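Comments concern the structure below.
Fair warning: this is a prediction, and the values are worked out from it, not measured in the lab.
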Amino acid sequence: MVAPNAAAAAPLLRLPLLFLLVGCVWTGGRSSSPLGQAHGFAIKDPPMPFKWPVVGTLPDFFARGGVDRLPQIYEEMYREFGDVYGTSPMGQDELVVCDPRVFDAVLRREGKYPIGASEEATTFVEYYRETNNTMGLKSVSRGPEWKEWRGAWEADMYAGWVSYLPIIAEAASEVSKVAGYEVTEQKNIAFVDFISRSSFDMFTAVMYGESPRTTNSRVADPDDVEFVRSSQAAFDLTGEMITNPFEKVFQTDTYKSFRVNMDKTYDMGREKSRQFVEGVKRRQREDGDDDSGGGECPVTAMKKNFPMLERLLNRGKMSVNDILSSSGGINMAGVDTTTYFLSWVFLNLASNPDVQTKLADELKTVLNGADVTTVAQMNSLPYLKACIRESHRLTPTAAASLKKLKEDVEVVVGDVAYRVPSGQRIMLNLRAYPMDPRYVEDPAAYRPERFLREAVEARRGTPSEVVDHPSFADPFGRGKRRCLGANIAVAEMTVLLARMIQDWEISLVDPEDAHKWRPKQKLMLKADPYPAMKLVPRG
C-alpha cells in the first residue's frame, strides 16, 4: 500500500535529474583554452535563480512548470541568464553552459575511465545491485571494469556495424510490408507502438540473425511483443522514478510496476539469448567445429556474417553466463533509444508533408525502390540525413547533455572562469543556441534544408556555424562514453526511414494533432499525446 500523504506529496517532490540512457551519454563541449587553471581570468559564481537553504533552486524550477516543462525551462533560463548559469536542485549545484565549444573542453578532461551519465539513472544502478547483476553494474560503472565490459562488446557492436546493414534492411522491409495493414487498415497497432516493435525487429535481427516480426500481428510471438511492452514501460517508469525518488522509498505502484517490467525484460532477454547460444553450440558440434574459432578475427566473423551474439560467443572475451547477464540490458537499450528518436522523426515528417514529399523524391531518384544495404547508399541521401539532423535540433530526445569530471576544474567562458568541483554536473543546454533566432532563422520551423551542404558552407565563418557543432548533431553523444549502440541505431533509423517513406505516405489522422502534443519527460523526451498516424501507399 502507498501512504496517502506520500502519494499526494510526490508531484511536489520531483527533482530535475533527467534524461539519461543506460550505457549511453549525450556529451559534447568553447574558446581556445576554456578549461584549466584560471590564470588571468576573473573567477565568478554563475548567475542563477534564488538559492534557498536545503531545497536550493527547486522552488524556481516548480514555479516555471517543473519536469513537464523541462525543454521550455531550458529555453527560458538561457534567455534570462545568458550563455552560462547555475542551478541547484536540492542544493546540488550544477553549471549549465550553452556554447558547445565550452563543453568540448570538458570532454577533453574525461580521463582514461570517464564518468558516464548512466550513473545518474539510479533506478537502473540500484536494480542491478539488488539483483546481483554484475554485468549490469559494470556497464554503468566508471573504472577498469567498465572498460572491460565495453571492450568485450565494442568490436562487434560499435566497430562492426556496417556488416549488419543487409540484415537490418531485410528486417525493415518486413516491417514496411505490413505497416499499412497493421496501423491503418486493421488498426491492430498504434503507430507509436509500431515504431517500438520496428526497432525491436531490427535490433533482434542484428543480435540473433533473424527478425521476430513483432510488427506482423498474424505471426508475432506473444512473448516477443511482451518484451517490447515491458522494455518500453521500464524505460518510461525509470524517468518518473528518477524525478521522484520517493516512488521507491514508499514502494508505490510506479516502483512495483518498474520492478515487474524490469524482471520481465531481463528474464526474457536472458532466455532468448540462452536458447540462441545453445543453438549455436549444437550446430557447431554437428559441424565438427565445437570451438568455432574461439578468439576469431572480427573481420573473419563479419565476412561470415554471423549475428552479433554469435561473434561475441566465438571470440571468447566473455563467458556464456556474462553474455546472458548482459543481453537483457543490451536488448532493452537497443530497442528503446532508437524508438525515442525515430518517433520524433516520423512525427516531424508527418506534420510537414511538403518535406516528406521532397524526401520521397530523393529516395525515388537515388534508390528507385531499393533497400539501403551499404554505406555508399547511406551517404548518397543528403536530404534524409538533413531530415534526421533537423529533427534532433527541433525535437531532441533530451533538453541537455550532462558530464561529470573526477577532478576540480575551472570552466572559462570569455574572460570569466567558473570553478566546478569534482563530481558536480556540467551540462550543455540543447535548447539554447539551436532555438535562438540569432543563430537559426525561424527556429520553431522544421526545415531540413538548413543542414544541406550548401547551407552549412554558407554558415561557415559566421556566428551561426555553431549550430553545426558535433555536440548538437549527434543524439548518441560524444567522447569515450558515446552510446555503445550508436552506429547500429543510426543505421537502423536510416534504413527504416528510407524503406517506409518509399512505401508509404505517412500523415496525421487529424491535422490539428500537430499542435496538441507537448514534449513530456520520461527517461527521455516523448511527444504526449503521440498523434495517431495514417499510412497510404505511395504512388
Worksheet entry | Residue pairs involving residues 47-58 (criterion salt bridge (Lys or Arg N to Asp or Glu O under 4.0 Å); sequence neighbours excluded) | Lys51-Asp93
Do [X] and [Y] make a side-chain contact, defined as non-hydrogen atoms from C-beta onward lying under 4.5 Å apart?
X	Y	result
Asp336	Phe200	no
Glu240	Phe258	no
Val440	Met435	no
Ser118	Phe124	no
Trp161	Val206	no
Trp517	Thr395	yes
Ile488	Met308	yes
Gln424	Lys404	no

Under the salt bridge (Lys or Arg N to Asp or Glu O under 4.0 Å) test, residues paired with [X] that sit two or more places apart:
X	answer
Asp193	none
Lys264	Glu226
Arg64	Asp60, Glu76, Glu80
Glu407	Arg109

[X] side, atom [atom1]; [Y] side, atom [atom2] - distance, nearest 0.5 Å:
X	Y	atom1	atom2	value
Leu342	Thr337	CG	OG1	9.5 Å
Asp236	Met241	CG	CE	13.0 Å
Leu324	Phe276	CG	CZ	11.5 Å
Met493	Met378	CE	CE	9.0 Å
Gln72	Glu75	CD	CD	6.5 Å
Ile426	Tyr418	CD1	OH	13.5 Å

Worksheet item: Does Tyr127 have any ring pair (Phe, Tyr, Trp, His ring centres under 6.0 Å) partners at least two apart in sequence or in another chain, and if so, which?
Response: Tyr266
Worksheet item: Among all residues two or more places apart in sequence or in another chain, which pass the ring pair (Phe, Tyr, Trp, His ring centres under 6.0 Å) test with Tyr78?
Response: Tyr433
Discussion item. Before you tell me yes or no, could you show the steps for Asp68 and Gln521 under side-chain contact (heavy atoms from CB on, under 4.5 Å), namely the whole-Å CA-CA distance, both residues' side-chain angles and the distance that decides it to 0.1 Å?
Written reply: CA-CA 6 Å; Asp68 290 338; Gln521 187 69 51; 5.7 Å; no
Discussion item. Looking at Tyr158, I'd like to know if the NZ or CZ of Arg150 sits under 6.0 Å from its six-membered ring centre while staying within 45 degrees of the ring's axis.
Written reply: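 Yes.
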Worksheet item: Do Arg389 and Phe451 meet the cation-pi criteria used here (NZ or CZ under 6.0 Å from the six-membered ring centre, within 45° of the axis)?
Response: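 Output yes; distance and angle both within limits.
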Practice prompt. Give a yes or no on whether a salt bridge exists between Lys403 and Glu110, defined as a side-chain N under 4.0 angstrom from a carboxylate O.
Written response: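 Answer for the salt bridge query: yes.
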For the side chain of [X] and the backbone of [Y], is there at least one donor-acceptor N/O pair under 3.5 Å apart?
X	Y	answer
Ser326	Met135	no
Thr252	Glu247	yes
Arg482	Gly477	yes

Fill in: Step-by-step side-chain hydrogen bond (donor to acceptor under 3.5 Å, both in side chains) determination, Thr214 to Asp201
CA-CA 7 Å; Thr214 60; Asp201 287 355; 2.7 Å; yes
Any idea which heavy atoms bring [X] and [Y] closest together, and the distance?
X	Y	value
Arg142	Trp146	N-CB, 4.1 Å
Val467	Tyr439	CG1-CB, 3.9 Å
Gly334	Glu492	O-OE1, 4.3 Å
Gln232	Ser196	OE1-OG, 3.2 Å
Asn429	Ala400	CA-CB, 4.5 Å
Pro89	Leu58	CB-CD1, 4.3 Å

Which residues satisfy the side-chain hydrogen bond (donor to acceptor under 3.5 Å, both in side chains) test with [X], sequence neighbours excluded?
X	answer
Arg518	none
Ser273	Tyr208, Ser327
Ser257	Asn261

Worksheet item: Does the side chain of Arg270 come under 3.5 Å of the side chain of Asn331 through a donor N or O and an acceptor N or O?
Response: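 Arg270 vs Asn331: no donor-acceptor pair found between side chains.
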Discussion item. Looking at Lys248, I'd like to know if its NZ atom is crowded, meaning that more than 12 non-hydrogen atoms belonging to other residues, nucleotides or ligands lie closer than 6.0 Å.
Written reply: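 Yes.
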Discussion item. Around atom CZ of Arg274, are there more than 12 heavy atoms from other residues, nucleotides or ligands closer than 6.0 Å?
Written reply: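 Counting other residues, nucleotides and ligands, CZ of Arg274 exceeds 12 neighbours.
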Item to complete: Walk me through it: do Val320 and Leu313 pass the test side-chain contact (heavy atoms from CB on, under 4.5 Å)?
Response: CA-CA 7 Å; Val320 170; Leu313 181 67; 3.7 Å; yes
Fill in: Leu428 and Phe472: CA distance, side-chain angles, deciding distance, side-chain contact (heavy atoms from CB on, under 4.5 Å) verdict
CA-CA 10 Å; Leu428 173 64; Phe472 290 149; 4.1 Å; yes
Item to complete: Go through the steps to decide whether Thr339 and Ser199 satisfy the test side-chain hydrogen bond (donor to acceptor under 3.5 Å, both in side chains), and finish with yes or no.
Response: CA-CA 6 Å; Thr339 296; Ser199 299; 3.1 Å; yes
Item to complete: Not counting sequence neighbours, which residues clear side chain to side chain contact (heavy atoms under 4.5 Å, CB included) with Thr134? List them please.
Response: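 So Thr134 forms a side chain to side chain contact (heavy atoms under 4.5 Å, CB included) with Lys138.
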Worksheet, complete the sentence: For Val495, the side chain to side chain contact (heavy atoms under 4.5 Å, CB included) test, sequence neighbours excluded, returns Leu165, Ile168, Ala169, Ala172, Val372
Item to complete: Verify salt bridge (Lys or Arg N to Asp or Glu O under 4.0 Å) between Asp224 and Lys272, making sure each step is shown before the conclusion.
Response: CA-CA 9 Å; Asp224 288 329; Lys272 191 175 189 71; 3.3 Å; yes
Fill in: Geometric class of the Phe50/Trp52 ring pair [parallel <30°, tilted 30-60°, perpendicular >60°]
perpendicular
Discussion item. Ring-plane angle category for Trp149 and Trp153, please: parallel below 30°, perpendicular beyond 60°, tilted otherwise.
Written reply: tilted
Discussion item. Before you tell me yes or no, could you show the steps for Met207 and Ile330 under side-chain contact (heavy atoms from CB on, under 4.5 Å), namely the whole-Å CA-CA distance, both residues' side-chain angles and the distance that decides it to 0.1 Å?
Written reply: CA-CA 10 Å; Met207 282 282 283; Ile330 290 289; 4.1 Å; yes
